[in-house]
Each structure stands twice: as structure tokens, then as C-alpha cells.
Amino acid sequence: MCTFTLPKTPQPPDWSAAREELRDLMTAAGWPADLICDAELALHELFVNAWKHGGSPAPVVVVVLLSDRALRTLRVSVADDSPTLPEQRTSADPYELSGRGLRLVRSLTHRFGTDPRKHGGKAVWFELDAAEGPAAWAS
């Protein structure tokens, strides 16, 4: 499991450390490149949403790899301080500049959801599954 918090700044936080940690972890575990790209894009969407809509100047990212003999699961969660749950927007206007992020996360991942945090706020998460990989994954 990897957990990282970025320094609080008034500017959009630099999510490159979170992306690199995710990529390195998945690469070392033998995940296919297409799923690594999907995970990076989904992480970016959740990260930006936590900063922009969740009011978190430094979202907390947790990455967990789970495995059993037949399946590997990646779970990525991004926590913010807002108790307001995200809503997937539906818009007929194809020229809107925002509002597609959660739809994108849903289409790139196998599962997606939100969990309340004990001391306020929420964690928005996604999961990706992959078939059993290298011997390092075997239990």
C-alpha cells in the first residue's frame, strides 16, 4: 500500500508524484501498459476533482494492490475534506468545458464509488482488475 499527501498550496497541486508512484507500483507488479494508462487517467480525474470540487488543497491518495490466485485488483482512493458526494453530470451540450470526469472514470475502471471518512470528508475510489500475473503475485 502507498499513501502520499502533497504540500498544501493555493495553486492546483502537482499530481506527478502520485502518478509516478502509481505507475512504478503497477509496472513492478507486471500490470499491462493499457491498464496502467487507464489507472493514471482515472487517478488524474479524481485528484483534480478533490482539489477543484472537494476543497482540498492537498488530496490524500491511497493505492492498494490486492491479489488472490486468480485475480489482481488495484484500488486507488483520493480523499478530500468535503462531505458532498460527487454527482455524475449529464449534459446535452457537447461544448461544455467540464462535467465528464466521473463518466470517464466509470468507463475506464471496473468499479467506482465513494466512502465517507471517519473525521469528515470522503474518499472517492476506483478499482481495476487484471488476470493473475507474474509469480511474484502468487500467494
Side-chain angles (χ1 to χ4, degrees):
M1 176 170 75
C2 296
T3 304
F4 31 98
T5 304
L6 301 173
K8 296 183 179 193
T9 67
Q11 301 299 317
D14 179 2
W15 77 289
S16 62
R19 180 189 64 229
E20 289 168 18
E21 290 291 331
L22 175 66
R23 183 186 312 129
D24 291 349
L25 184 67
M26 293 179 76
T27 300
W31 282 68
D34 61 331
L35 288 180
I36 294 172
C37 290
D38 289 349
E40 287 178 341
L41 183 52
L43 168 60
H44 182 263
E45 288 298 327
L46 296 188
F47 193 86
V48 169
N49 282 353
W51 172 76
K52 186 175 181 181
H53 304 293
S56 240
V60 176
V61 178
V62 178
V63 178
V64 179
L65 287 173
L66 308 166
S67 77
D68 63 23
R69 295 203 180 275
L71 187 67
R72 296 180 293 166
T73 300
L74 169 78
R75 183 179 177 113
V76 175
S77 64
V78 179
D80 64 49
D81 299 327
S82 173
T84 304
L85 299 179
E87 293 181 24
Q88 185 172 322
R89 292 190 237 164
T90 55
S91 173
D93 183 357
Y95 300 106
E96 270 192 51
L97 297 177
S98 66
R100 295 175 190 83
L102 294 179
R103 195 172 341 170
L104 183 61
V105 171
R106 187 177 305 278
S107 69
L108 290 171
T109 64
H110 294 110
R111 287 168 298 286
F112 160 79
T114 307
D115 294 325
R117 292 174 54 200
K118 278 185 189 178
H119 304 291
K122 65 184 170 302
V124 183
W125 55 267
F126 68 83
E127 292 181 342
L128 282 172
D129 297 328
E132 184 178 358
W137 274 94
S139 306

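Position 1 is the first residue of the sequence, and the numbers go up from there.
Residues passing the side-chain contact (heavy atoms from CB on, under 4.5 Å) test with R106 are Q88, F112, sequence neighbours excluded. For P83, there are no side-chain contact (heavy atoms from CB on, under 4.5 Å) partners at least two apart in sequence or on another chain. In terms of the salt bridge (Lys or Arg N to Asp or Glu O under 4.0 Å) criterion, residue partners of D115 (sequence neighbours excluded) are, by chain and number, R75.
A distance of 7.5 Å separates CD in E127 from CG in L66, rounded to the nearest 0.5 Å. In this structure, L46 CG and W125 CH2 are separated by 11.0 Å, a value rounded to the nearest 0.5 Å. In this structure, the separation between NE2 on H44 and CG on N49 is 10.0 Å, given to the nearest 0.5 Å. Distance CG/D129 to CZ/R111: 4.0 Å, rounded to 0.5 Å.
The two residues R72 and P32 come nearest to each other via the heavy atoms NH2-CD, 4.4 Å. When all heavy atoms are compared, the tightest approach of W31 to A130 is CZ3-CB, 3.6 Å. Minimum interatomic distance between P59 and W51 (heavy atoms only, all atoms of both residues): CG-N, 4.1 Å.
Linking Ile, Leu, Val, Met, Phe, Trp and Tyr whenever their side-chain heavy atoms come within less than 4.5 Å puts L43 and L35 in one cluster. Under a hydrophobic clustering in which Ile, Leu, Val, Met, Phe, Trp and Tyr are joined whenever their side-chain heavy atoms come within less than 4.5 Å, directly or via other members, V105 and V48 fall into different clusters. In this structure, V63 is a member of the same hydrophobic cluster as F47, with clusters built from ILVMFWY side-chain heavy atoms closer than 4.5 Å. Put simply, L25 and V61 are part of the same group of oily side chains (I, L, V, M, F, W, Y) that touch within less than 4.5 Å, one to the next.
Contact annotation: the side chain of T109 approaches that of L128 to within less than 4.5 Å [non-hydrogen atoms, C-beta and beyond].
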Could you list the donor-acceptor pairs under 3.5 angstrom formed between side-chain atoms of residues 116-123 and any protein atom two or more places apart in sequence or on another chain?
unit_1	atom_1	unit_2	atom_2	d
R117	NH1	D80	O	3.1
K122	NZ	D80	OD1	2.8
K122	NZ	D80	OD2	3.1
K122	NZ	S82	O	3.0
K122	NZ	T84	O	2.9

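Applying the salt bridge (charged side-chain N to carboxylate O under 4.0 Å, His left out) definition to pairs two or more places apart or across chains, those involving residues 24-50 are R23-E40.
Counting Ile, Leu, Val, Met, Phe, Trp and Tyr side chains that sit under 4.5 Å apart, directly or through other members, L104 shares a hydrophobic cluster with L41, L108.
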